[in-house]
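We count ligands from 1, going down the list as the structure has it; atoms in each ligand are counted the same way. We use all heavy atoms of the structure for the numbers below, so side chains are in, but hydrogens, waters and symmetry mates are not.
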Amino acid sequence: MKILVINCGSSSLKYQLIDMSHEEVVAKGLVERIGIEGSMLTQKVEGREKYIIQKPMNNHQDAIKTVLDALVDESNGVIASLSDISAVGHRVVHGGEKYAESVLIDDTVMQALDECVKLAPLHNPPNITGIKACRNLMPEVPMVAVFDTAFHQTMPTEAFVYALPYEYYEKHGIRRYGFHGTSHKYVSSVAANMLGQDIKDLKIITCHLGNGASLTAIKNGKSIDTSMGFTPLEGLVMGTRCGDVDPAVVTFMVKQLGLSAAEVDNVMNKESGILGVSGVSSDFRDVEGAAASGDKRAQLALNIFYYRVRKYIGSYAAAMGGVDCIVFTAGLGENSPETREAVCEGLEFLGIKVDKAKNKVRGKSELISTSDSTVKVLVIPTDEEMMIARDTLSLI
Ligand code: AMP
């Protein structure tokens, strides 16, 4: 049985066709510049040359039609006909409070997704457009929505209600939702498998450290707290996002510096974080390189990042009454030994000891703690597409 996984952004679309009998990726690809001049699809199939289609794609429907054409193409495709696709799994950023699980899409779900647009005005609209386009082109194929927020719906009230007047939560839905849920869920289940333990017996802290970054405290298989909040801006320092700051900084920026709401939003989301402090780049590789050649602000940016992750690990150990396992994932978590070592430095008192030789690993699953470390430290490449495909399979 083959499942197509679709992740629609505003001008790009990622896809994977996964054969679920062996959980094997049959083809994967990317459509870029949707609705912009120079639209292009690149499809990769193991052992073959890249297949590139360059043609105007004015909207998401054009893009998805091109994806389907690429998959069934006589010489470059991987399936004989579209009837080989049993279902489509769609990544959806925000499911609000309504969705604590993935869901089979019907008209009622489409309406609920529209209602969530106000919570994620940048992300949900392209996700919805992608679903509509797929439903038009493949009306008979079942479709599933998998939400970034769903995994965190198990958080207890004290972890998700902000200490604002309660009506802000009740009337406007202002609360912590958390994101990257599909990734946190996936790596925590792989961690339990690697340790040969039931996830229900474990206290796990998952560190998704990429351009966007978040930590989650997972107790007995359930998310009980996570560092991103009402939006993905809260929590850790990220490539271009500031993460936690005193909320009064916002009013200071408006009143004293004369910035508009949109400008504050832009500064905090796009000009802050590692980029803002270092002045070098939002890409950790560039900032690590600059720090290594003596750039003090680059080093400071990294130190702030490490310190914040370390503080969150400490606070989540406190929230769960201990920790059995820490998982590093995403671009930086999977590929930067320096980050993992720096984050764990000074956490020996919690029973966390990283083995420097094992920690050299990049991009594959590995236990990197010493044999006497009471907390197991793991590197696990995330695979949100596989998680989406598994959820889709289980719902159809
Ligand atoms: P992601 O958002 O998960 O794709 O992660 C992107 C981030 O991971 C970027 O800031 C990259 O610089 C960082 N990254 C990827 N590979 C490495 C590496 N080998 N060393 C350090 N950082 C890396």
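In terms of the salt bridge (Lys or Arg N to Asp or Glu O under 4.0 Å) criterion, residue partners of Glu97 (sequence neighbours excluded) are, by chain and number, Arg175. Partners of Tyr177 by ring-ring contact (aromatic ring centres under 6.0 Å, His included), not counting sequence neighbours, listed by chain and number: His94.
A donor-acceptor distance shorter than 3.5 angstrom exists from the side chain of Asp244 to the backbone of Gly235, with no hydrogens or angles considered.
Ring to ring, Tyr162 and Phe230 are not that close: their centroids are 6.0 angstrom or more apart.
Identified under the salt bridge (Lys or Arg N to Asp or Glu O under 4.0 Å) test for residues 66-83, with sequence neighbours left out: Lys65-Asp69.
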Pick out the protein N or O atoms lying less than 3.5 Å from any N or O of ligand 1, and list each pair with its distance.
from, atom 1, to, atom 2, distance (Å)
ligand 1, 2 (O), Asn211, N, 2.9
ligand 1, 3 (O), Gly331, N, 2.9
ligand 1, 5 (O), Asn211, N, 3.4
ligand 1, 8 (O), Leu332, N, 3.3
ligand 1, 10 (O), Phe284, N, 3.1
ligand 1, 12 (O), Asp283, OD1, 2.3
ligand 1, 12 (O), Asp283, OD2, 3.4
ligand 1, 12 (O), Phe284, N, 3.1
ligand 1, 12 (O), Arg285, N, 3.3
ligand 1, 12 (O), Arg285, NE, 3.3
ligand 1, 19 (N), Asn335, O, 3.4

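In this structure, the side chains of Ile218 and Lys203 stay at 4.5 Å or more apart for every pair of heavy atoms.
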